[in-house]
Number of protein chains: 2
Amino acid sequence: MSDKYDILKLKNQLCFPLYVSAKEVVRLYKPFLDELDLTYTQYITMMAMWEHKTCNVKELGEILFLDSGTLTPLLKKLEDKGLITRTRSKEDERNLIVNITQKGMTLADKAMEIPGKMEGCVKLSKEDAECLYKILHKLIDNVQ
Amino acid sequence: MSDKYDILKLKNQLCFPLYVSAKEVVRLYKPFLDELDLTYTQYITMMAMWEHKTCNVKELGEILFLDSGTLTPLLKKLEDKGLITRTRSKEDERNLIVNITQKGMTLADKAMEIPGKMEGCVKLSKEDAECLYKILHKLIDNVQ
DNA sequence: TGATATTTAATTTAACACAATTTAATTGTT
DNA sequence: AACAATTAAATTGTGTTAAATTAAATATCA
């Protein structure tokens, strides 16, 4: 029934449903994000840019919990698409300033539909969604 | 204070803390898993194998929510390490049977320490951990 | 002040994961 | 028996991430 290896079973892990949920939710976004020609990581980066308009890579990394190894190639792609610009700071050449373009801002209007569509897919009650949100933020605070 | 783009802000997304939590938790595992010379995905695969002892790739994929594109190279690495064997089924040559080896089983003893160590890192109350577990499983059921 | 070390910021590289496609084996239908 | 449809795994290409590297700025001290 129960042996000493029970604690190694997948059903007794908290990390596993967390890993699976995140992966599945990103997968659910895919068809919606394909319409904007964005990956999920590009999407959250654009969310940060829609809000902040200007940012350097370091700040963006702190907001998004991404490091520059992820952001550098990603930002180059967004620049290629014309959604942002990348320019070195005159004051400190180490800093790369990211600015949103007009085209980038325009994309927000198309993106507005997505959060509502996703809610419909995930199908959690308002209470569960709020509870999940709170616990995940606690977890993130704890591990920083 | 509030504008029509509020619904696109990161702080109003549920997906974002989910994405960050999963990533950060996997990152926390890294130092412990380095001692076993396993990646996180290899670790959950070994968990499935410690429990089931034998499995084909399809079954393993269903258990782990991974596809053959992820599993094929991963299983070859675990085979190289001597933790599993990969053999084609005699009954149906399309099926690749994965079996755990003695060396693979032995690794479970070292892995036994990890769940406890991770609990210490994540630092959620028993109530929060249980609640999180339940909601995540609901979410996974909903999106299947 | 000038030389050197340290810190900081971003890029590059290599490994891993995932989506989409391909190949191979089996089953079903006529 | 022949062909189509289905199933299982492998392969390929793209994106993400950790670790190492490069470049720039600042601090230390002779």
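So you know, we letter chains A, B, ... as the sequences are listed, proteins then strands, and number each from 1. The analysis underlying the following values was restricted to heavy atoms, covering all of them including side chains, and did not include hydrogens, waters or symmetry mates.
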Is the phosphate of C:dA10, meaning OP1 or OP2, less than 4.0 Å from a side-chain N or O of A:Ser68? no

Within the 4.0 Å heavy-atom criterion, would you say B:Asp67 contacts the bases, only the backbone, or no part of the nucleic acid? base

Short of 4.0 Å, heavy atom to strand atom, which residues of residues 36-48 of chain A count as contacting DNA chain C? none

Between B:Arg27 and B:Glu24, is there a side-chain N and carboxylate O pair less than 4.0 Å apart? yes

Any A:His52 side-chain heavy atom under 4.5 Å of A:Ile100 side chain: no

Distance (rounded to the nearest 0.5 Å) between B:Leu96 CG and B:Cys55 SG: 11.5 Å

note: B:Leu74, atom CG; D:dT11, atom C1'; distance rounded to Å ~ 16 Å

Once you round it to whole Å, what is the distance between P of D:dT14 and CG of A:Asp80? 14 Å

Any A:Asn56 side-chain N or O less than 4.0 Å from OP1/OP2 of C:dA9: no

Nearest-nucleotide comparison on DNA chain C, the residue closer to the 5′ end among A:Asp34 and A:Leu96: A:Leu96

Check this one for me: any side-chain N or O of B:Arg88 less than 4.0 Å away from OP1 or OP2 of D:dA10? yes

Would you call B:Val25 and A:Tyr19 a side-chain contact if the rule is heavy atoms closer than 4.5 Å? no

Could you check if a side-chain atom of A:Leu75 sits within less than 4.5 angstrom of a side-chain atom of A:Leu60, using non-hydrogen atoms only? yes

Report the distance from atom CZ of A:Phe32 to atom NZ of A:Lys110, rounding to the nearest 0.5 Å. 14.0 Å

Are B:Leu136 and A:Val26 connected in the hydrophobic side-chain network, where two residues link if heavy atoms are under 4.5 Å apart? yes

Check the distance between D:dA18's C1' and B:Arg27's CZ and give it to me in whole angstrom. 11 Å

Distance in angstrom units between A:Asn95 CG and D:dA25 P, rounded: 9 Å

Verify the contact: side-chain N or O of A:Arg86 to OP1 or OP2 of C:dT11, cut-off strictly under 4.0 Å; return yes or no. yes

Return the orientation label for the A:Tyr29 and A:Tyr40 ring planes: parallel under 30°, perpendicular over 60°, tilted otherwise. tilted

Point-to-point distance, once rounded to the nearest 0.5 Å, from CG of B:Asn95 to OG1 of B:Thr87: 10.5 Å

How long is the line joining CG of B:Leu33 and C1' of D:dT17, in whole Å? 15 Å

For a quick check of understanding: with a heavy-atom distance under 4.0 Å over all strands, which category does A:Leu66 fall into, base, sugar-phosphate or nothing? sugar-phosphate

Would one find a side-chain N or O of A:Thr70 under 4.0 angstrom from OP1 or OP2 of D:dT17? yes

Rounded to whole Å, please give me the gap between CD in A:Glu93 and P in D:dT26. 12 Å

Give a yes/no answer on whether the side chain of A:Lys58 brings an N or O atom under 4.0 Å of OP1 or OP2 in C:dT8. no

Rounded to whole angstrom units, what separation is found between the CZ atom of B:Arg94 and the C1' atom of C:dA25? 5 Å

Return the 5'-most residue of the pair A:Lys23, A:Leu71 with respect to DNA chain C, ranking by each residue's nearest nucleotide. A:Leu71

Rounded to the Å, how far apart are A:Asp92 CG and C:dT8 P? 12 Å

Is there a side-chain polar atom (N or O) of B:Lys77 under 4.0 Å from OP1 or OP2 of C:dC16? yes

Whether B:Lys30 contacts D:dA19 is assessed here as follows: a side-chain N or O lying under 4.0 Å from the phosphate OP1 or OP2. Is that the case? yes

Stretch residues 10-20 of chain A: residues that reach within less than 4.0 Å of DNA chain C through a heavy atom: A:Tyr19

Just wondering, do A:Val98 and A:Leu78 contact through their side chains at under 4.5 Å, heavy atoms? no

